[in-house]
> 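Sharing a structure with you now.
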Amino acid sequence: MAEPLPRAFYARHAVEVAPELLGQILVRTWKGQCLAGRIVEVEAYSGGDDAASHAFRGPTPRNRSMFGPAGHAYVYLIYGVHHCLNIVTGREGDGQAVLIRALEPLEGIEMMQALRGKRDLHQLTNGPGKLCQALAIDRKLDGHDLCLGQILWVEPGPSPQEPIATSPRVGVRGDSLALQRAWRFFLDGNPFVSRTPLNNRATRWP
DNA sequence: GTCAAGATTAGT
DNA sequence: CTAATCTTGACG
């Protein structure tokens, strides 16, 4: 088994970490099985200077993981229905994180299909709520340390062949700066990127 | 205590 | 377009 990405990888600004997570492998062990997918879409959220971030108004019981050390999970429930997985970045106290928005399924696909109640590979993990359901991720994993290489972690994957593209973040509220920031990163043309209200056309990155 | 809104998804 | 579904955070 490969080594998990080290804490130093995550201990940088979210906007620096986010695009580098593309192509890496998210691994989850569950019921003795290995569920894994290639990260194909992410979004960066920073702290007090980002009106779209849960950390914008400072620490609360819900978002306290965001203010902890880098490399830990921040998992929250949205709309009372879906969970979303973030990985904390930056320095402790910053309140930065990267939201994992879509995966390309690699391993444990049958289990993911069972967990989702859907067969279609392209609908399995192409959204933040969907991927959490497929990997059995919920608030019990909030605060989990991804650098341990147990239960949930990220390991290095081959450099993506696809070009990296950016766009504004999906579904966010906030001030005009928050709406304008192109902090969504995805592998251009990859069929496992989430379908969104936004136009998937976007500028190339860098 | 009350209440509106939400980094979404599936179905009409 | 809208319902689902429930926790959080703001306010008093």
Side-chain angles (χ1 to χ4, degrees), chain A residues 10 13-15 17-19 21-22 26 37 39-68 70 72-90 94-103 105 112-144 146 152 165-186 191-200 202:
Chain A
Y10 299 110
H13 195 279
V15 176
V17 175
L21 276 169
L22 297 173
L26 179 67
I39 299 173
V40 298
E41 180 182 349
V42 296
E43 281 176 2
Y45 289 85
S46 66
D49 64 333
D50 182 5
S53 172
H54 288 174
F56 185 57
R57 292 168 200 285
T60 66
R62 173 218 212 179
N63 67 15
R64 77 184 150 45
S65 312
M66 276 186 96
F67 291 87
H72 289 246
Y74 165 49
V75 182
Y76 65 92
L77 179 65
I78 186 65
Y79 296 108
V81 178
H82 301 284
H83 294 272
C84 292
L85 170 67
N86 296 252
I87 305 178
V88 178
T89 70
D94 285 351
Q96 301 178 18
V98 174
L99 171 69
I100 309 299
R101 284 196 59 88
L103 303 176
M112 295 190 205
Q113 288 169 326
L115 282 161
R116 290 265 299 120
K118 305 267 179 188
R119 303 288 304 174
D120 184 1
L121 274 194
H122 292 89
Q123 305 289 313
L124 213 48
T125 51
N126 61 334
K130 296 178 182 183
L131 99 232
C132 283
Q133 189 180 16
L135 298 195
I137 292 167
D138 62 22
R139 283 217 83 217
K140 289 194 291 294
L141 286 178
D142 184 48
H144 175 78
L146 302 207
L152 181 68
T166 71
S167 81
R169 292 168 293 184
V170 176
V172 302
R173 303 267 175 219
D175 55 28
S176 61
L177 176 60
L179 297 182
Q180 188 176 1
R181 279 171 162 160
W183 283 1
R184 172 180 177 237
F185 301 87
F186 58 97
F192 298 92
V193 167
S194 72
R195 193 163 272 270
T196 78
L198 296 176
N199 195 330
N200 271 359

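Quick note on labels: first sequence line is chain A, next is B, and so on, each numbered from 1.
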> A/H83 has an atom NE2; how far is it from atom C1' of B/dG6, in whole Å?
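In whole Å, B/dG6 C1' lies 14 Å from A/H83 NE2.
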> Find out whether the Lys NZ or Arg CZ of A/R169 is both under 6.0 angstrom from the six-membered ring centre of A/Y45 and within 45° of the ring's axis.
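Checked: cation-pi criterion met.
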> What I'd like to find out is whether the side chain of A/F192 reaches to under 4.5 Å of the side chain of A/H122, using heavy atoms alone.
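Yes, close enough: below the 4.5 Å cut-off.
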> Tell me if the CZ atom of A/R119 is crowded by more than 12 foreign heavy atoms within 6.0 Å.
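No - once you tally the heavy atoms of other residues, nucleotides and ligands closer than 6.0 Å, there are 12 at most.
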> For the pair made of NE2 in A/H122 and C1' in B/dT9, what is the distance, rounded to whole Å?
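Answer to the nearest Å: 19 Å.
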> Given atom CG of A/L99 and atom C1' of B/dT8, what is their separation to the nearest angstrom?
11 Å
> Taking heavy atoms of chain A and a 4.0 Å limit, find me the 5'-most and 3'-most nucleotide of DNA chain C within that range.
C/dT5 to C/dA10
> State whether the side chain of A/E43 and the backbone N or O of A/R101 hold a donor-acceptor pair below 3.5 Å, judged by distance alone.
no
> Rounded to the nearest Å, what distance is computed from the CG atom of residue A/L77 to the C1' atom of nucleotide B/dT8?
10 Å
> Any side-chain N or O of A/K130 less than 4.0 Å from the OP1 or OP2 oxygen of B/dA10?
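Yes, such a contact exists.
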> Is A/Y76 stacked on the base of B/dA7, meaning ring centres closer than 5.5 Å and planes within 30 degrees of each other?
no
> Between P on B/dT9 and NZ on A/K118, what's the gap in Å once rounded to a whole number?
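Nearest whole value for this atom pair: 12 Å.
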> Taking A/F56's backbone N and O only, do any of them form a donor-acceptor pair with A/D50's side chain (distance below 3.5 Å, no angle check)?
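No; judged by distance alone, with no hydrogens or angles, the pair does not exist.
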> Would you find a donor on one side and an acceptor on the other, under 3.5 Å apart, between the side chain of A/Q123 and the backbone of A/K118?
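Not a single qualifying donor-acceptor pair exists.
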> Backbone N or O of A/A102 within a donor-acceptor pair of the A/N126 side chain at under 3.5 Å?
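No: the side chain of A/N126 does not pair with the backbone of A/A102.
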> With P as the reference atom in both, quote the distance from C/dT2 to B/dA5 in angstrom, rounded to an integer.
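It comes out at 16 Å once rounded to the nearest Å.
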> Toss me the dot-bracket line for DNA chain C: Watson-Crick and G-U wobble, both under 3.5 Å, 5' to 3', using | for pairs to another strand and [ ] for crossers.
||||.||||||.
> Between B/dA7 atom P and A/H54 atom NE2, what is the distance in whole Å?
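Checked: the NE2 to P distance equals 4 Å.
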> For A/Y79 and A/R139, take the nucleotide of DNA chain C holding the closest heavy atom to each; which residue's nucleotide lies nearer the 5' end?
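Its nearest nucleotide being more 5', the pick is A/Y79.
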> Has the side chain of A/R116 got a donor or acceptor atom that lies under 3.5 Å from a matching backbone atom of A/L124?
yes
> Would you tell me if any nitrogen or oxygen in the side chain of A/H82 comes within less than 4.0 Å of OP1 or OP2 on B/dT9?
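No, no such contact exists.
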> Using a 3.5 Å distance criterion without hydrogens, assess whether the side chain of A/S53 forms a donor-acceptor pair with backbone atoms of A/S46.
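Confirmed, A/S53 side chain pairs with A/S46 backbone.
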> Which comes earlier along DNA chain C counting from the 5' end, the contact point of A/I78 or that of A/N63, where each point is its nearest nucleotide?
A/I78
> Would one find a side-chain N or O of A/R173 under 4.0 angstrom from OP1 or OP2 of B/dG6?
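Indeed, a polar side-chain atom of A/R173 lies that close.
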> Would you say A/Q96's side chain and A/A14's backbone share a donor-acceptor pair under 3.5 angstrom?
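Here the side-chain-to-backbone pair exists.
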> Tell me: CZ of A/F186 to P of B/dA7, nearest whole Å?
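In whole Å, B/dA7 P lies 20 Å from A/F186 CZ.
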> Rounded to the nearest Å, what distance is computed from the CZ atom of residue A/R116 to the C1' atom of nucleotide B/dT8?
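The answer, rounded to whole Å, is 11 Å.
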